[in-house]
Amino acid sequence: MDTLHFKIERPDRWDNPFEPEFPDADLDRLLGTAPFCDMQTEAFPKSQPLRQILRNDTRLRRFKKGEIIVRAGDYGSSAFMIVSGHARAALPPGLPDRMLGRRQPQKLGIFRAIAQLWGNSRLTEYRRPDELTSDHGAAPVGRGPEAGVFLQDVPRLLDQHKTAVIVAGEFFGEIAALSRMPRTATVFADGDDTELLEIRWQGLRDLLRFDKAIKTHIEQTYRKNALENALRAIPLFQHLSESDLQKVMAETQFGTFGDYEWSGEYKRLAKAGQAAPEKEPVVAAENDYPDGVVIIRSGFARLTKQFGSGQRTLNYLGAGRFFGLREIVHNWKNPASPIAFQTSLRVIGYTHTLFIPTSVMERVVLPTAPQNLLPKPFTAAELNLDDTDPLHEQGGLGNRVGPELMEFLTANRFFNGTATMVIDLARCTRCDDCVRACAATHDNNPRFLRHGPSSGRVQVAQACMHCTDPVCMIGCPTGAIHREAAQGNVVINQSTCIGCTTCANQCPYEAIRMVEPRDRDGGFVTDQELKPILKATKCDLCLEQYGGPACERACPHDALKRMNLTDLGSFVKWLER
Amino acid sequence: MKGYFLTRRVVAIVLLFAVAAGAIATWQHYVPLLRNLSYLTGWLLLAVILFLTAYNGRKKLPFLPLGSSRAWLQLHAYVGWLSVVVFFAHVGWRWPDGWFESCLTWMYLVVIVSGVLGLLWSRYVPRRLTSRGGEVLYERIPVIRRSLQDRAEDLALRSVAAARSSAIADFYIAHLSDFFRGPHHYWSHIVEVRTPWNRLQSKLDDLSRFLNEEQRLVLGQVTDLVRQKDGLDYQYALQSSLKLWLFVHVPLTYSLLILTGLHVVLVYGFSLGAGFRP
Amino acid sequence: MKDQLPPPDFDRSRYERPNQDWICGHTCEGRPCRLGPSPGGVCRANAECTPWLETKPGETKGLWKCTRPREHGGPCAEGPGPTGTCGCPIIPCAPERTLRNLRGRITWAVIALTVALLLLAIAGPWKWRFIAPARVSDPHRNAGFNQLAQERFGQPGCAGCHPAAEAGIGQWLLAAYHSDPGLLQFSRLAQATTRQETRMDRENCVACHRGFERHQPDVVHAHSCSACHREHQGVRMAPPSDVGCAHCHQDAAQLASFASPSKSPSADFDPPVSAGAVVFRTERPSQGRTTAFRSFADGHPEFAARSVGRKDPDSLRFPHALHLGTTVLLGGRKLECADCHQPDSTGSYMNRISFAGNCRSCHALQFDPFNPELTLPHGSVRAVVGIVESLPLQYVDLARRKGLRQTDEINEFGRQNVAKIRQTLGGGEQLLRLVLFTPDPRQVDPKLSSERRAQLAGCAYCHEVKADPKDIAVVTPPVIPDRWMVGGRFNHGKHVQQGCLECHPSITASTAASDINLPTQASCARCHSPQGGAPAGCAICHSYHLFSRP
């Protein structure tokens, strides 16, 4: 047969070392310095000794003066610790985009917009020479994922921008790595031989688990830097007094679930047809005692309920959503007849959660909360309904979508998209007006493929969804792929893209495509070794154009829509037109 | 159809009838006043046709905020219906007698009728395509066809050596090689008739009676490819039909405009007020 | 939708570009090359890579390396040739147009074809058949018209009406631009009516149809000819519709504005009649005919001849009732209308009534009851006087006609009869008075039968006879109109299915010749109305061009 079958080896903890060859001498040196020398090696289990964790999940990297270590706004799965030398973090407002190799999309002037009628190249993927050379301010050096980017004219930069020095032994980037949030500041090497230990998230996770000091340190940092803002952003906590909030914060626990690099793993599972809700890690299970509310901080979780011998997906929850609040409110108001969790919460991909115990909720939060923010207790009828959605989650949206389509959206992680291109195949005449409009607005090059996974009459085309959790942005060596400042859409700066294909390989939706730019004669632009240059391309949501995404505006038949799938409501509305 | 689409259609149809009734009432009001309405309705008709043609222009300018294409299509369809009223008011609710004016009328009717049929077809075919499945990009069809052909040929060839029998290979040469070479059964797919497919299927069934277990396995794989090819032909037929109706609608629109241009010149040049003597 | 076929596998790593005009010719074989055709559709394929000469430090010759990228299979197995040629040359293809590009080409081709066919159509001999909206009416296309057009406008055919017709399309465009209203004078479209006189009316229509430009003497050319006369509608021009008439005659306000007394002499308003015809004239109201009405059946004014109190001023004494009654018999039967009223040669109207043709058979003008052979002449008082004064001679003549040959016998016959008539009617002067002035013979002989009475009647029996000192008597000449209602047309021939009395019912009761026994408007409208079913258009009876020809 000509169908390929994949067999997946049971993944082993030490299968994929971060650095293939970690020199033992360096390892010894590391273990001799703070904070590792202070760690109690006996606290680590025998199967995961500290030395092995360091060997497998860290690497030593040397940075030259002015070389960027992390960029504000980037996503990354690693934390850093300075071994020797020191680095500088740019304090707010941070460094300008141009210095970081970014380019904010500018709206075209009206004349330039009209000029696209005749000014677009007739060649495919034509690039002017100046479009291919990098912007001033940031200069990539080297090829591939290890390429470095250097800030230009560091002394002047130090004059004009406030920076803070980070010295040896200090960690940075750990919160962003663990919580899957964008980096908050740009850090660059200050000396010519700054040595850093890069710890990837798996290592960080284990260190956190087995070493009290680090755990305390990170939790303190988190509480100090991020938690207050995170809680204050949630309406239910906005009315709390400063002291009450402190009480809540003191009891709040953090949780990270799932695989940070879920996209790669998921791609393999999906291809093998093995992605199923039953296999996903459970954060809270149906029929368990409601010991606290779970707040999704980043990533996604799936709300399921037992039906038959499987799990029916009721909804997926994104950042800011609560789990278990209604049960706790119910029990708080009906102490005589407590109920258990009515649904389960399962992790999709990588999810970072906050957990606030029931006792704090009942003691501090609920008594003072405005009634309109609290969900209503369950009615007897709701509790008796086993096979439907007892929560009427957002008006029973999950049921209105239907189990198959719901599973399609969830299993494929399409809820990640804020501008997912959904096509109603029952209306689409395959006229390709959308593709032509896309090409017309992108110098004769389409930036998506009008094809993709489909379920029934719903097709999700392979166009950049501008994810809330942009996996593509993890690991871009030059910061060419970034969120633009105005609306947070993900864009790629063509001049700083070095064609390393990291983003394209990471994207689980095949929305990024590598192209070979051409010169004026139609030949491929090559490097000195005559190998074609590659550039990553994808949908930029027509940020430079007037009137929003051209594809959607060009659809004559109401078939194509760029949709925020993090909100199931708009999808249901579209589905039930 | 429900919700938004139904509301939109009802509102549009009510509006259309209101505007058409208003236009006819205005026309009837002006006729006894001896207004020479032919000029007015003529220019109105030309304006309407130019507006309808401008939809093509809108499609060529996707980068300008000229309104969404779906709004344009809605206007295109309903203003198209309105143009029928204006047209018959212009020709005086009768069939014109002159050759040239007959040409104009025919041309207009072909464009209008092709548009109406095209729109109905565009609403009907996507459902069929979707329920049949095998969704594919039109441009990729030749590549996929070729790959199916290669795989089928390969299976047929390998079956000879494996089973020491040329039954499958012979069958391939006799009945399938041509089938895999290009699109087939175009009109059967268009009108949704499954006869050719059933015929091919029964030939395959007949052959399988005379095969051993191993050969049957190979034939099963070939049958699978045949099914995929049939699905591909279905996509090809229906998708191309969705594109081909515009080969009538669009070129004739421009012919209509050219004829209209001559019509305007003739009407003015031969009008009662044309006293110009060369 | 559970039986959906799965989508087939294909390479999704590259964009599909339906916006391009050309696709690689190898696509049909399933192997499009990665370079693709140029925007102009020229195959650019040469080789899968451009090998690179790698010269390591210290080496002089270097080594050719394949540079095919990983995405396209990586370095090939063959490797570059020793001279740096690629080991995987691509066979050039003939790029193919995409469907969309083909549509564009077809569109241009259709445009070109349309233009070509149009040029052919308006250049060929069938040009007029092609561009004419419909056939021109026969009178405007026959030889006579062509000759007229040649004389008046210098060109035969269409140029007779359309000045630029023969000049070709460029001139047509100029003519269109200069026409009135012009091609681009959109502001005048809303006001465009058929009421203005057009250039064609002025310069072409009226040039031949002289005198037809007016409706009323003081309403000069209110409408374009084309408002009513629609040309290019077939071999016969359709009769004008009522729309134009109704425009004014339905509109009271507009009519009121025309109601001022006309400056033109009243006679100018008299409708034309054929020469010699006797016409029943009714005077035109000083306000003109300015009553608004909706249609013939709805509000049309009564015919002027039938207006209240109007009498026939004729002096002839003729009671229709008597003639159609049982008193008057012809050969033993009652008279019928057709005994006197016979249609004229066109069938439209009736022949003029004459004494000789219609009256004499009964009213033989005898005067001697004993000699009915003797009759008086009709038409001249002098002749009557002459006959009466020469009575003896008349008897002599009669005797001869009766076959008497002997002079004596003849004389005797004359003497006896003269004596007899003197005895009964009085002779000489008395007889003359009797013949000329006595309206009823019964004054002479009360016992006369009605038949004899008619036979023996004198002039005054029918005519108004006045004594005249010079000529003894003058007979007022009777006026019997040939046409009663000159404002409209009528065709008796088309109404033969109706009996006379249906339209002239009052005739059987009409005892005086002054009675006007014409049909009323209402009686016409019985049939000529939407209910009656007969056509009721204005032009059935009336002509727009209501005027005296100058």
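Residue numbering restarts at 1 for every chain, and letters A, B, ... go by the order of the sequence lines.
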Interatomic spacing from [atom1] in [X] to [atom2] in [Y] - rounded to 0.5 Å:
X: B/Trp43; Y: C/Leu183; atom1: CH2; atom2: CG; value: 5.0 Å
X: B/Phe247; Y: C/Arg100; atom1: CZ; atom2: CZ; value: 9.5 Å
X: C/Arg199; Y: B/Leu272; atom1: CZ; atom2: CG; value: 11.5 Å
X: B/Ser147; Y: C/Phe10; atom1: OG; atom2: CZ; value: 11.5 Å
X: C/Thr114; Y: B/Leu262; atom1: OG1; atom2: CG; value: 11.5 Å
X: B/Asp97; Y: C/Gln233; atom1: CG; atom2: CD; value: 7.5 Å

Structural part of [X] lying under 4.5 Å from a heavy atom of chain B:
X: C/Arg14; value: both
X: C/Ala132; value: backbone
X: C/Phe186; value: side chain
X: C/Asp9; value: backbone
X: C/Leu118; value: side chain
X: C/Pro6; value: backbone

Min side-chain heavy-atom separation B/Val143-C/Pro32 under 4.5 Å: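 A side-chain contact exists here, since the closest heavy-atom pair is under 4.5 Å.
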Main-chain N/O of B/Arg146 paired with C/Arg31 side-chain donor or acceptor, under 3.5 Å: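 A pair under 3.5 Å: no.
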What closest approach, in Å, do C/Met200 and B/Ser271 show between heavy atoms, and which atom pair accounts for it?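 Taking C/Met200 first and B/Ser271 second, the nearest heavy atoms are CE-O, 3.7 Å.
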Least distance between heavy atoms, B/Glu139 atom then C/Glu16 atom: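 Heavy-atom minimum between the residues: CB-OE2, 3.3 Å.
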For B/Leu257, is it the side chain, the backbone, both or neither that has a heavy atom under 4.5 Å from a heavy atom of chain C?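 No part of it gets close to chain C.
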Contact part of B/Tyr138 toward chain C, heavy-atom cut-off under 4.5 Å: side chain, backbone, both or neither?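 Only the side chain of B/Tyr138 comes within 4.5 Å of chain C.
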Flag yes if more than 12 heavy atoms outside [X] fall under 6.0 Å of its [atom1] atom; otherwise flag no.
X: C/Ile91; atom1: CD1; result: no
X: C/Arg236; atom1: CZ; result: no
X: C/Arg294; atom1: CZ; result: no
X: B/Arg194; atom1: CZ; result: yes
X: C/Arg230; atom1: CZ; result: no

Stepwise, does the side chain to side chain contact (heavy atoms under 4.5 Å, CB included) test hold for B/Arg132 with C/Leu5? CA-CA 6 Å; B/Arg132 180 72 188 272; C/Leu5 280 175; 4.2 Å; yes
Looking at [options], which one has more heavy-atom pairs under 4.5 Å with chain C than the rest?
options: B/Val265, B/Leu137, B/Asp150; answer: B/Val265
options: B/Gly134, B/Gly269, B/Gly231, B/Ser240; answer: B/Gly134
options: B/Leu252, B/Leu259, B/Val264; answer: B/Leu259
options: B/Leu266, B/Val267, B/Thr253; answer: B/Leu266

Criterion side chain to side chain contact (heavy atoms under 4.5 Å, CB included) on B/Tyr254 and C/Val110, from CA distance to verdict: CA-CA 8 Å; B/Tyr254 291 102; C/Val110 168; over 6 Å; no
Among C/Gly182, C/Gly168, C/Ala109, who wins on heavy-atom pairs under 4.5 Å with chain B?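 Among C/Gly182, C/Gly168, C/Ala109, the one with the most close pairs to chain B is C/Gly182.
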Interface residue of largest heavy-atom contact number with chain B, from C/Ile122, C/Ile23, C/Ile169, C/Leu102, under 4.5 Å: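 Option with the greatest count: C/Leu102.
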Taking the six-membered ring where the residue is Trp, are the ring centres of C/Trp172 and B/Phe270 under 6.0 Å apart?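 Centroid distance C/Trp172-B/Phe270: below 6.0 Å, so yes.
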